[in-house]
Amino acid sequence: MIDILPQATTKYSLDYYATDPIFSVPVADVQADAKKIAARLKGRTIWMVNSTARGGGVAEMLPSLIALMNNLGITVRWAVIRTERQEFFRLTKRIHNLIHGDRSSGAELSAEEAEIYAAVNAENAASFKKELSPRDILIVHDPQPLPLGQTLARELGLLAVWRCHIGLDRHTEATKTAWRFLRPYLDGYRHAIFSAPEYIPDYCTDRSTIIHPAIDPLSHKNQELSVTKLTGILCNSGLQPSYEPVVTPDYRHRVSMLSENGSSVPPGELGLLFRPIVLQVSRWDRLKGWAPLLEGFVRLKHSTVVNNGSNKLQRKQDRLRLSRLVLAGPDPAAVADDPEGMQVLREIQERYASLDPEIRRDVSVILLPMESYKENALIVNAMQRCAAVIVQNSLQEGFGLSVTEAMWKRKAVLGTQACGIRHQIRDGRDGLLVSNPEDPAEIADKLALLLNNSIRRYNMGRSAQRRVYDQFLVFRQISGYLKLLAKLI
Ligand code: UDP
């Protein structure tokens, strides 16, 4: 039944964060917010409840959030609902897709599905109950455990808040279907939290707050890496042949690359340390816009002509000629239970195999091992730091932590008008946005613009990091929760 996870710890205390002059002010702010509410939270546990301990944006954020809140003297625990019934996850995936406007996974949700949804949540609620006291607070993440919060709020009188991480910035038949289905389960919740105002369903407007997702700047995914550490990660993971011995041992699970015939092979020399790299790291999901990004890059390569003009023009052409597209996502072993993901990867592979061999040499599809959370995070960190341009060509994006991570690393990001991305990147200032993520010509133009203008890239990167500092760091997110709880209790 429900899994209560061991108390999360962070490598660093807030006092340690504050020793870095960059973080001293945000840490002082969050400590002041915690002080205001500490007495009222005494003796109460805040429970974060979701449906997975690993994978996806929510599981990415919760460890730091929980550990740092505990560090502030607030008791926060993490519980994960569990079931063997696969039809439950098929249903919640369907709700997820509908909320994103995708009707292809089916129309109206049936009474039978409602029964499965309620039953799995009732079982989890029953086993969770003995851990709870009536003064505890539930923060329930996403639709999967929604009915559980309602049950416990009613039976124990707990304060329950729903934190919804997904949404679409327009109403369609699909979104209406999902929100209609979820509506009854929201009774009993005092409040809801969304990532953007556009996502709030009509019936929640009077009891909703916006809290942006956020990153931990000292996590394995985002911490600064010295040059030696960065090359060590590339060599240990197999992303870079080591021409010199490195201090740290090889990772047990190494990165592989898709070959033309679809098999996984060691990547060899990708030029991550030498060439202008255009990178996208995401799940193998159609909504991440992989296919048009690949076509855009192919166009960019076709537009590159050998030019005997001025030195400056020649250098620009050389930069485009040397650029390499790296598409990186989870190793298929980690996606085995995600048929959609496997299908998307297969389609990318087919297109990759059909590319003109000269262009194919400049494209790599990289498969990242997911067995070790820490190693995966360090690999993503190192790859992002090697990139000249980071792309997130999402057709839709609830928020897009991969964008936040790239911005924090002072990278020029090419994003899209997807709601979560445009809330982060101010077009032309913190990065560039394509107006149509399915238009390869526009993608090619904007990639060329960024690759050819290093000063612009540098300035956008600086502005991007500042934007994340102001809006999307974990301290700000904790303050958001504390201010809301101060209002509710
Ligand atoms: N990610 C990762 N390895 C991968 C692919 C993605 O660690 O192979 C991470 C990525 O760095 C980000 C998260 O998964 O932290 C994805 O979150 P995002 O909000 O961008 O998209 P979601 O997957 O939740 O739609």
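Every number for a ligand or one of its atoms is a count from 1 in the order of the listing.
Between the side chains of Gln280 and Asn393, no donor N or O sits under 3.5 Å from an acceptor N or O. A donor atom on one side chain and an acceptor atom on the other are found under 3.5 Å apart for Ser195 and Arg163.
Partners of Arg457 under the salt bridge (Lys or Arg N to Asp or Glu O under 4.0 Å) rule, at least two apart in sequence or in another chain, do not exist in this structure. Take Arg254 and apply the salt bridge (Lys or Arg N to Asp or Glu O under 4.0 Å) test, not counting sequence neighbours, and it matches Asp250.
Among protein residues, Gly57, Glu60, Lys221, Val281, Ser282, Arg283, Lys288, Gly329, Pro330, Leu368, Asn376, Val380, Glu397, Gly400, Leu401, Ser402, Glu405 come within 4.0 Å of ligand 1, judged on heavy atoms.
The stretch residues 343-354 participates, sequence neighbours left out, in these side chain to side chain donor-acceptor pair (under 3.5 Å) pairs: Arg286-Glu347, Glu295-Arg351, Gln343-Arg346, Gln343-Glu347, Arg351-Ser354.
Of the possible donor and acceptor atoms, one in the side chain of Lys301 sits under 3.5 Å from a partner among the backbone N and O of Ser323.
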